[in-house]
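First the structure, in the form of structure tokens, and then the observations on it.
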Protein chains: 2
Amino acid sequence: MSKKEIVRRHDGNFHWEGVDVLAYKQEGSAPFKDVTRQVLFEPEGLPAQLRYFEVAPGGHTTLERHEHVHSVMVIRGRGRCLVGDKAWELEANDLVSVPPMTWHQFRASADAPLGFLCLVSADRDRPQLPEAAEAERLARPLKK
Amino acid sequence: MSKKEIVRRHDGNFHWEGVDVLAYKQEGSAPFKDVTRQVLFEPEGLPAQLRYFEVAPGGHTTLERHEHVHSVMVIRGRGRCLVGDKAWELEANDLVSVPPMTWHQFRASADAPLGFLCLVSADRDRPQLPEAAEAERLARPLKK
């Protein structure tokens, strides 16, 4: 089954017919922990992708920034996000908008995954990563 | 609160901070029943919208077709969809791709709403509606 199928069923555990579970990023390209990626839609005639990311309990995405924006909707579990210099608690169906060139990171809670949809441009710039000391300072709001 | 807020919380009942509940279409413009529309994201730099539609129990969207495609993910309740000459049962997290110029309609079940995300181009053509007799023929797969 391919992305051209009209209906692709959910299997009850956040996998879908014809949708591959991919590595979040290339191994070693950036620091992250326990994240998978699935591309749900790449619509014909629209330069956009809708992806599903799942961060396992205790895991986190890369702390990064870039020009392209993220439009995020949590659909599973709970956790926290850092956007700029603030952190927020997240639960199912909460919406997050990450503005251009704003440091951000998503973290699952210790005892539940964090699964979210992320709408992005199909054509996007490469993420920037902070230096290690800078990363520690930037992530401070997540530790409060 | 506006769509520029970084985090917009879900209220537990498929409404969100700063997101207005809109009429699905202009009254009398097309046949439909018990549908609301909310625009969740109109991302900066991306000619796309992510909307949330909710069809009340027993309700349905307009039977129509157009050049722009729909990328749909069910997030609440259950129902059925017609796409082309086939009908499918739908449950939470199922994915539906409506190809260009393909007749389609979404119906909630009698005893539950059908709530779904719909990703579309921000710039889209006007839907075409069938004649009444044609509509009856087209909707036949939904009645099986």
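A note on names: the letters A, B, ... follow the listed sequences, proteins ahead of strands, and every chain is numbered from 1. Just so it is clear, the model here is predicted, and its values are computed rather than measured.
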How long is the gap from [atom1] on [X] to [atom2] on [Y], to the nearest 0.5 Å?
X	Y	atom1	atom2	result
A:Phe41	B:Leu119	CZ	CG	8.0 Å
A:Arg9	B:Leu95	CZ	CG	10.5 Å
B:Glu44	A:Ser97	CD	OG	10.0 Å

Q | Side-chain heavy atoms of A:Thr102 within contact of B:Ile6, under 4.5 Å | A |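 Result no, sub-4.5 Å side-chain heavy-atom pair not found.
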
Q: Against chain A, label B:Val98 side chain, backbone, both or neither, depending on which of its atoms sit under 4.5 Å from a heavy atom there.
A: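 Nothing of B:Val98, per the 4.5 Å heavy-atom cut-off to chain A.
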
(Q) If I measure from the heavy atoms of chain A, does B:Tyr52 come under 4.5 Å with its side chain, its backbone, both, or neither? (A)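 Answer is neither: B:Tyr52 stays 4.5 Å or more from chain A.
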
Given the rule that I, L, V, M, F, W and Y join up when any side-chain heavy atoms are under 4.5 Å apart, are [X] and [Y] in one cluster?
X	Y	value
B:Met73	B:Phe14	yes
B:Val96	B:Trp103	no
A:Leu138	A:Leu129	no
A:Leu63	A:Val35	no
A:Phe116	A:Leu90	yes

(Q) For A:Glu91, is the CD atom crowded, meaning more than 12 foreign heavy atoms sit under 6.0 Å from it? (A) no

Q) Take atom CD in A:Glu136; do more than 12 heavy atoms of anything else shown fall under 6.0 Å from it? A)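 Not more than 12 within 6.0 Å, no.
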
Q: Kindly say whether A:Asn93 contributes a backbone atom to a donor-acceptor pair with the side chain of B:Trp16 at under 3.5 angstrom?
A: yes

Q: Count the heavy-atom pairs under 4.5 Å between each of B:Pro99, B:Gly12, B:Pro100 and chain A, then report the option with the highest count.
A: B:Pro100

Q.
Heavy-atom pairs under 4.5 Å with chain A: which of B:Val83, B:Leu46, B:Val69 has the most?
A. B:Leu46

Q. With only heavy atoms counted, which part of A:Val120 is less than 4.5 Å from chain B, the side chain, the backbone, both or neither?
A. backbone

**Q.** Contact winner vs chain B - A:Val72, A:Leu50, A:Asp11, heavy-atom pairs under 4.5 Å
**A.**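 The residue among A:Val72, A:Leu50, A:Asp11 with the greatest pair count is A:Val72.
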
Q) What residue pairs, at least two apart or across chains, pass side chain to side chain donor-acceptor pair (under 3.5 Å) with a residue in residues 112-123 of chain B? A)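 Matches after skipping sequence neighbours: none remain.
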
